[in-house]
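Along the sequence shown, residues carry numbers from 1.
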Amino acid sequence: MGKALGRLGGWIFSHAKSTITIVLAITALVIGVAIHQGADFAGASLNLPNSQSQKAMSVMNKEFSQTDSSKGTIKIVFHSENGQDLTSTDNQNKIQELLNQVQGQEHVTSVVTPETAYSYSADKKTAYASVNYDQKSEDVSATEINRVKKQLAITRDAKIQTELSGNVTFSTVEQSETTEGVGIIVAYVVLAITFASLLVAGLPILSAVLGLAVSMMIVMLLTNVMSIPSTSSAARMLIKWTDFMHRPLYNYPKTKKEIST
């Protein structure tokens, strides 16, 4: 294995341009196919048959069967930005059109309108409707949520700000962009100090980004043929990012020694 890896490393060193071209081509291909196919995560549920915790949950569900708080619910929040109250005829028609589209979707059991929920604000500019599912919140898939998101254009085009909230997972990769940005900056500073080079410090980050992109796209593709919970994408991102960023630091002392000899 060591000799094979050595030969592979030698070939890559001798064919740097070809290697970069191949890597970029594979990355572009995987990302393109994944974006075209889309993702269909199976939610975030976890079943452990015959485990003590699963038995306890079964007993609780049986004893408190009337409670539906675990069912998936989406709140569609409306805010008028067109100068009219949400109760105006034009706005009402758009809101009702949106809710009718959502009502007909799979697994949706009911849609509670703002009138039924008495959810209008005092100035009639803000209100919300509730979409109730026949699934548990963690089992409402990304595909079902995306169907709702696509319908939001109906009211948004009418200058009604429309946003979603609820107890379901709205994004399969719900990571804080601000936190990740800070992490990348800190990693770059640490690598720049370690390698004493701004250019060299950027190479591990570039390889990490490419590796993450390809691995995440592969996971997205697999969701179309396998049942993969949405939490797996976040876990894979964390593991891969840690691996890619730590590897250069682990190898640095050995590489420095080899260069000096």
Between [X] and [Y], does any side-chain donor sit less than 3.5 Å from a side-chain acceptor?
X	Y	answer
D123	S121	yes
S18	T21	no
Y120	E115	yes
N91	N82	yes
T155	T162	yes
N93	E97	no

With distance as the sole test, does S14 use its side chain to make a donor-acceptor pair with the main-chain N or O of W11 at under 3.5 Å?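 No; judged by distance alone, with no hydrogens or angles, the pair does not exist.
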Taking S119 for the side chain and Y128 for the main chain, is one N or O donor matched with an acceptor at less than 3.5 Å?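 Yes, the answer is positive, given that a donor and an acceptor are paired below the 3.5 Å cut-off.
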Note: R156-E163 ion pair, threshold 4.0 Å (strictly below):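 Yes.
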Do K71 and D134 sit within salt-bridge range, that is, some charged N less than 4.0 Å from a carboxylate O?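 Looking at K71 and D134, the cut-off is not met.
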Considering only heavy atoms from C-beta outward, does the side chain of [X] approach that of [Y] to under 4.5 Å?
X	Y	value
E144	R147	yes
D139	Y133	no
I76	I95	no
Q84	D90	yes

